[in-house]
Engineer: 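Please see the structure below; I have some questions.
Computed from heavy atoms alone, side chains included, the values below leave out hydrogens, waters and symmetry copies.
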Amino acid sequence: DGKGEHTLPLYPPIIFDVHKYHIFIRLFIFISVVTGMLLLIVNLMNYHGFFWSGIVLAAILYAIITLQYSIQRNTNPAAKIMVQTLAAEFLVVWIDYLTGYEAWSVNYAVPGILLVAECSMLVLQIVNFMNWQSYILFQIEYVILSVIPVGLYFFHIVTEPFMTFLALLGSVVIFAGTMIFGDRKAKDELIRRFHI
């Protein structure tokens with residue numbers, strides 16, 4: 001009758017070794033920090049007007065943030081994208097500054113990063129359509145992030161505004177679409193988040 005028999009599962013559960021994962025992250029951080037410090041010393045000892053080690057250090061910091069935070073399994077994918085967005089924006093502005101600042105970072109790179117992030121957020125909403133309203137707060141944050149470069153345009157820091165206004169338009173359209181098509185569910189999420 002088959003009672004008492006034990007059958008092996010067709011697909012055995014995947015065991016994630018958290019201890020080894022943390023060791024790997026710490027080893028990577030240690031090697032990265034040591035490498036960065038050595039390159040900084042080399043740069044300072046042979047300095048000829050270009051602080052190239054600053055770019056390396058920023059890239060190392062970006063890699064550490066990516067590895068330590070964004071690859072974590074239990075982190076919200078939308079939060080990972082947000083962290084990646086902020087880190088990438090800092091990285092491109094810093095590289096632009098160290099290489100003489102020609103404003104390519106604020107004119108093209110930052111709004112380009114925002115556009116990619118906004119599209120990624122939209123894809124997440126579509127894929128996770130059963131819980132799409134949980135991304136509304138992140139959409140509001142992208143609207144705010146997109147407004148900042150527009151403000152910089154009026155202070156003449158952004159000199160080529162096309163990509164900047166395109167990023168703002170993208171964030172506003174996605175948020176407005178969510179509110180319109182989400183209707184009551186979207187409004188309830190806003191009320192829950194902001195206690196209004």
Side-chain angles (χ1 to χ4, degrees), residues 32-33 36-37 39-44 46-70 75-125 135-182 186 189-190 193-194 196:
S32 299
V33 170
M37 292 300 102
L39 291 174
L40 175 62
I41 292 169
V42 170
N43 189 187
L44 293 176
N46 300 277
Y47 184 72
H48 299 292
F50 180 40
F51 187 52
W52 54 264
S53 61
I55 297 175
V56 177
L57 291 171
I60 288 173
L61 179 61
Y62 178 79
I64 290 173
I65 291 172
T66 299
L67 188 64
Q68 193 166 15
Y69 182 85
S70 300
T75 306
N76 187 328
K80 293 179 182 180
I81 294 173
M82 178 61 72
V83 170
Q84 286 286 306
T85 300
L86 295 173
E89 287 180 343
F90 167 79
L91 180 62
V92 296
V93 171
W94 180 242
I95 291 173
D96 191 8
Y97 171 76
L98 289 180
T99 54
Y101 191 71
E102 296 181 357
W104 56 264
S105 58
V106 292
N107 285 333
Y108 306 107
V110 167
I113 291 167
L114 284 171
L115 279 169
V116 171
E118 291 160 9
C119 292
S120 301
M121 198 64 61
L122 181 60
V123 170
L124 278 179
Q125 271 192 293
Y135 297 104
I136 290 178
L137 184 61
F138 291 100
Q139 288 181 353
I140 294 172
E141 290 171 355
Y142 279 113
V143 171
I144 295 170
L145 285 176
S146 300
V147 167
I148 294 172
V150 173
L152 295 178
Y153 168 68
F154 290 105
F155 286 98
H156 308 292
I157 296 173
V158 171
T159 54
E160 299 291 337
F162 175 74
M163 288 286 290
T164 295
F165 283 101
L166 186 62
L168 177 61
L169 178 64
S171 63
V172 170
V173 166
I174 292 172
F175 177 67
T178 299
M179 295 303 298
I180 292 169
F181 291 106
E189 180 67 14
L190 283 181
R193 291 283 186 175
F194 295 101
I196 54 178

Engineer: Distance check, rounded to the nearest 0.5 Å: Ile95 atom CD1 versus Tyr62 atom OH?
Structural biologist: 10.5 Å

Engineer: Taking the side chain as everything from C-beta on, heavy atoms only, tell me whether Ile55 gets closer than 4.5 Å to Thr99.
Structural biologist: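 Result yes, sub-4.5 Å side-chain heavy-atom pair found.
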
Engineer: Looking at Pro111 and Ala167, what are the two nearest heavy atoms and their distance?
Structural biologist: O-CB, 3.8 Å

Engineer: I'd like to check Val110 versus Phe90 (side-chain heavy atoms, cut-off strictly below 4.5 Å). Are they in contact?
Structural biologist: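 SC-SC contact between Val110 and Phe90 ruled out.
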
Engineer: Please give me the minimum heavy-atom distance between Leu40 and Ser53, naming the atom from each residue.
Structural biologist: CD1-OG, 3.5 Å

Engineer: List the atom of Leu168, the atom of Val143, and the distance in Å for their closest heavy-atom pair.
Structural biologist: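 Looking at all heavy atoms of both residues, the shortest contact is CD1-O, 4.2 Å.
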
Engineer: Identify, with sequence neighbours excluded, every residue that meets ring pair (Phe, Tyr, Trp, His ring centres under 6.0 Å) alongside Tyr153.
Structural biologist: Phe165

Engineer: Could you check whether Gln139 and Glu118, counting side-chain N and O atoms only, form a donor-acceptor pair closer than 3.5 Å?
Structural biologist: no

Engineer: Please check this pair: side chain of Asn43 against backbone of Leu39, looking for a donor-acceptor N/O pair closer than 3.5 Å.
Structural biologist: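 No: the side chain of Asn43 does not pair with the backbone of Leu39.
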
Engineer: For Gln84 and Thr66, which I'm curious about, is there any donor-acceptor pair between the side chains at under 3.5 Å?
Structural biologist: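 Note: Gln84 and Thr66 side chains meet the donor-acceptor criterion.
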
Engineer: State the CE-OG distance between Met37 and Ser32, to the nearest 0.5 angstrom.
Structural biologist: 11.0 Å

Engineer: Are Thr159 and Asn107 close enough that a side-chain donor and a side-chain acceptor fall under 3.5 Å?
Structural biologist: yes

Engineer: Taking side chain as C-beta onward, heavy atoms only, is Ile81 less than 4.5 Å from Tyr135?
Structural biologist: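 In short, these two side chains do not touch, never coming nearer than 4.5 Å.
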
Engineer: Quick one: pull up OG1 in Thr164 and CG in Leu152 and give me the separation to the nearest 0.5 Å.
Structural biologist: 8.0 Å

Engineer: Check the pair Trp52, Val42 against side chain to side chain contact (heavy atoms under 4.5 Å, CB included), reporting the backbone distance first and the verdict last.
Structural biologist: CA-CA 10 Å; Trp52 54 264; Val42 170; 4.2 Å; yes

Engineer: Any chance you could measure Leu166, atom CG, to Leu114, atom CG, to the nearest 0.5 Å?
Structural biologist: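 With rounding to 0.5 Å, CG (Leu166) is 10.5 Å from CG (Leu114).
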
Engineer: I need the minimum non-hydrogen distance between Val106 and Ile157, along with the two atoms involved.
Structural biologist: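 Taking every non-hydrogen atom into account, CG2-O, 3.8 Å.
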
Engineer: How many angstroms lie between atom CG of Leu86 and atom CD1 of Ile65, to the nearest 0.5 angstrom?
Structural biologist: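 Separation between the atoms: 9.5 Å.
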
Engineer: As a test of understanding, state which of Thr85, Ile174, Leu115 forms a side chain to side chain contact (heavy atoms under 4.5 Å, CB included) with Tyr142.
Structural biologist: Thr85

Engineer: To the nearest 0.5 Å, how far apart are NZ in Lys80 and CG in Leu124?
Structural biologist: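 CG of Leu124 is found 10.0 Å from NZ of Lys80.
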
Engineer: Only pairs at least two apart or in different chains count here, so list each side chain to side chain donor-acceptor pair (under 3.5 Å) that has a residue in residues 87-96.
Structural biologist: Asp96-Trp104, Asp96-Ser105

Engineer: Heavy-atom count around Tyr97 OH within 6.0 Å, excluding the residue itself: above 12?
Structural biologist: no

Engineer: How close do Tyr108 and Glu160 get, counting heavy atoms only, and between which atoms?
Structural biologist: OH-CG, 3.3 Å

Engineer: Closest heavy-atom contact between Met121 and Ala78?
Structural biologist: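 Between these two residues, the closest heavy atoms are SD-CB, 3.6 Å.
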
